[in-house]
Amino acid sequence: MLDIKFIRENADAVQENARQKNYEVNITELLKLDGERRELSQRVDELRERRNAIAASMKGGKPEQSAIDEGKQIKVELSEQEGYLNNLEAEVLTLQKKVPNMAASDVPVGASEDENVVAKVIGDPTAFSFEPRNHSEIALQRGWLDKERAAKVAGSRFAYLKGDLVKLQFAIIQFVIDSLSDEKVLAKIAADAGLDVSLKPFTPVLPPLMIRTELYDAMDRLEPRDDRYKLEDDDLWLQGSAEHVMGSMHANEILDENDLPIRYLGYATSFRREAGTYGKDMEGILRMHQFDKLEMESFTVGEDGLKEHLLMVAIQEYLLASLGLPYRVIQKCTADIGKPNARGIDMEAWLPGQNQYRETHTADYMTDYQARRLQTRVRRNSGDLELIHTNDATAFALGRAMIAIIENNQNEDGSIVVPEVLRNYLGGKEVL
RNA sequence: GGAGAGGUGGCCGAGUGGUUGAAGGCGCACGCUUGGAAAGCGUGUGUGCGAGCAAUCGUACCGUGAGUUCGAAUCUCAUCCUCUCCGCCA
């Protein structure tokens with residue numbers, strides 16, 4: 001959520017920003033209600049002041065009947081006015097929550113994802129001496145994938161992964177955890193990217209996979225609800241990304257500046273209903289209701305937020321390059337970065353089986369937009385209290401990482417060359 | 001699932017209807033003291049909203065939400081969380 005004072009002082013820019021991000025909001029209406037709210041709030045405060053004065057005059061000795069009568073009268077009036085005020089405050093909050101975060105100044109303005117900008121292309125599309133197949137065909141041939149039985153048990157967009165594919169997933173997980181909890185690796189990544197940032201390692205986390213409505217909403221990740229799984233008997237949802245359950249873990253906390261940055265590397269099975277994608281990407285495991293993901297989340301002081309974002313992007317590039325995958329970096333435009341985002345970067349890996357790049361990573365920088373509703377703050381060494389900045393970014397969505405490995409590293413016979421960095425985690429095997 | 005106890009400021013902890021935003025302690029900041037430090041002494045030390053150039057003032061906040069009352073941290077109800085015991089269970 002944006003600060004109401006900021007909205008007041010930058011009404012035009014906020015309205016224009018919402019337009020560029022394709023969110024319908026009426027800033028004029030919001031500010032009108034906010035003005036009414038402030039006026040009414042003042043009237044209510046005056047009534048309360050009078051009420052308090054009367055109550056104070058009655059402490060001890062026997063109450064004067066006239067004072068009690070006035071108190072009663074004020075109570076009636078106050079309860080009516082407070083009712084109006086509560087409604088107004090709720091209306092203002094509802095509108096205020098709809099206002100998207102301000103896009104950073106270097107985010108390209110665009111009306112749809114078609115106007116995203118390819119910022120960088122690394123590696124050439126993998127060349128083959130035979131016709132490369134898609135991951136689904138290979139995985140089926142190798143007995144690594146069973147979607148028919150998964151459909152029988154759980155429905156469409158579920159899968160049983162089996163055999164070496166499972167070992168590959170755990171190898172990737174180990175590799176990422178080892179890399180990101182190693183200060184030396186971070187130092188190299190930061191140096192290569194020319195970033196002067198903290199080298200504090202990421203703490204591996206296994207988070208809860210369920211989250212309360214209130215916190216999900218405060219994260220601004222509950223919408224669209226159609227894409228979330230709700231547990232009807234409890235006030236809980238299945239999380240759609242470890243970001244949701246890690247970003248909310250310091251809600252209503254005041255962190256010590258000396259403890260920042262706080263960096264987490266969460267591993268979580270993530271759930272998405274994929275509403276509105278019927279018939280899309282049905283082959284293989286590209287788009288599932290359930291997928292495992294390694295996700296970075298970090299909390300920093302405001303002035304370090306952007307650098308942290310850039311570090312995460314550099315980490316993503318490092319991870320993709322470590323696996324030897326061709327990829328490109330997409331700078332998302334205003335319409336595509338998302339409501340809470342100030343900036344958003346996607347990585348797309350080359351998939352020979354589909355003959356195109358497909359999204360494997362996202363990096364989101366939210367400035368203090370999430371922190372304002374989460375009430376995650378930092379006590380600066382100066383004594384000041386400030387909202388922290390949040391960043392999240394994919395380390396690897398395991399399913400898509402394995403799709404990329406299978407398709408780029410395939411041999412004609414359906415065997416897969418293991419990326420060098422993973423071999424130690426697979427008993428030294430060079431080919432699966 | 002059953003029975004019980006409890007949630008108060010950065011932390012510990014008093015407080016069962018009326019100068020309580022909240023005693024006391026710890027911590028922290030500043031000052032005095034000291035060759036320096038510790039101890040000691042003194043002063044100060046929450047957040048949100050609104051008004052004000054500011055000093056400051058008003059208001060709300062004692063897990064959360066409703067209610068009773070002229071007046072609620074204190075009484076009532078609901079709810080969440082923590083702990084103990086029993087049951088169940090990987």
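None of these values were measured; they are calculated from a predicted model. In what follows, chains carry the letters A, B, and so on, assigned in the order in which the sequence lines appear, proteins first and then strands, with residues in each chain numbered from 1.
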Could you give the [atom1]-to-[atom2] distance, from [X] to [N], as a whole number of Å?
X: A:E49; N: B:U59; atom1: CD; atom2: P; result: 5 Å
X: A:L78; N: B:U59; atom1: CG; atom2: C1'; result: 11 Å
X: A:R38; N: B:G52; atom1: CZ; atom2: C1'; result: 14 Å
X: A:L40; N: B:C49; atom1: CG; atom2: P; result: 18 Å
X: A:K5; N: B:G48; atom1: NZ; atom2: P; result: 8 Å
X: A:D256; N: B:C28; atom1: CG; atom2: P; result: 13 Å
X: A:D235; N: B:U64; atom1: CG; atom2: C1'; result: 13 Å
X: A:N252; N: B:G63; atom1: CG; atom2: P; result: 14 Å

Practice task
Nearest-nucleotide wise, let me know which of A:R50 and A:D34 is further upstream toward the 5' end of RNA chain B.
Solution key: A:D34
Handout entry: Most 5' of A:R48 and A:D69 on RNA chain B, judged by nearest nucleotide
Key = A:R48
Look at the side chain of [X] and decide which nucleotide, out of [options], has an atom nearest to it.
X: A:R212; options: B:C81, B:U59, B:G50; value: B:C81
X: A:D45; options: B:A51, B:G58, B:C49; value: B:G58
X: A:R37; options: B:C49, B:A51, B:U59; value: B:C49

Whether the [X] and [Y] side chains hold a donor-acceptor pair (N or O, under 3.5 Å, no angle test) is what I'd like checked.
X: A:Q370; Y: A:T390; value: yes
X: A:Q20; Y: A:E16; value: yes
X: A:N258; Y: A:N381; value: yes
X: A:H289; Y: A:R272; value: no
X: A:N101; Y: A:T367; value: yes
X: A:Y23; Y: A:N17; value: no

Reckon [X] touches a base, only the sugar-phosphate, or nothing at all at heavy-atom distances under 4.0 Å?
X: A:R8; answer: sugar-phosphate
X: A:K72; answer: sugar-phosphate
X: A:R43; answer: nothing

Practice task
Answer yes or no: does a side-chain N or O of A:N52 lie under 4.0 Å from OP1 or OP2 of B:G58?
Solution key: no
Exercise for the section: Indicate whether OP1 or OP2 belonging to B:G58 is found under 4.0 Å from a side-chain N or O atom of A:R51. Expected result: no
Given the [atom1] atoms of [N] and [M], what is the spacing between them in whole Å?
N: B:U59; M: B:C53; atom1: C1'; result: 22 Å
N: B:A14; M: B:G4; atom1: C1'; result: 24 Å
N: B:C30; M: B:A22; atom1: C1'; result: 25 Å
N: B:A73; M: B:C61; atom1: C1'; result: 11 Å
N: B:G63; M: B:C80; atom1: C1'; result: 8 Å
N: B:C11; M: B:U45; atom1: C1'; result: 14 Å
N: B:U74; M: B:G7; atom1: P; result: 12 Å
N: B:G9; M: B:A60; atom1: C1'; result: 16 Å

Exercise for the section: Assess the pair A:F299 and A:H389: is the distance between their ring centroids shorter than 6.0 Å? Expected result: no
Practice task
Would you please indicate if the ring centroids of A:Y216 and A:H244 are separated by under 6.0 Å?
Solution key: yes
Practice task
Sequence neighbours left out, what pairs pass salt bridge (Lys or Arg N to Asp or Glu O under 4.0 Å) with at least one residue falling in residues 392-410 of chain A?
Solution key: A:R221-A:D392
Please list, for nucleotides 45-47 of chain B, all pairs of protein and nucleotide N/O atoms separated by less than 3.5 Å.
from: B:U47; atom 1: O3'; to: A:R377; atom 2: NH1; distance (Å): 3.3

Exercise for the section: Evaluate the side chain to side chain donor-acceptor pair (under 3.5 Å) criterion for residues A:E359 and A:T362: first the C-alpha distance (whole Å), next the side-chain angles of each, then the deciding distance (0.1 Å), finally the verdict. Expected result: CA-CA 8 Å; A:E359 179 185 331; A:T362 292; 3.0 Å; yes
Handout entry: Side-chain heavy atoms of A:E348 within contact of A:T360, under 4.5 Å
Key = no
Problem - Watson-Crick and G-U pairing of RNA chain B, under 3.5 Å, as dot-bracket with | and [ ] - result: ((((((((.[[[..)..(.....]]]((((((.......))))))((((((....)))))).[[[[[..)....]]]]])))))))....
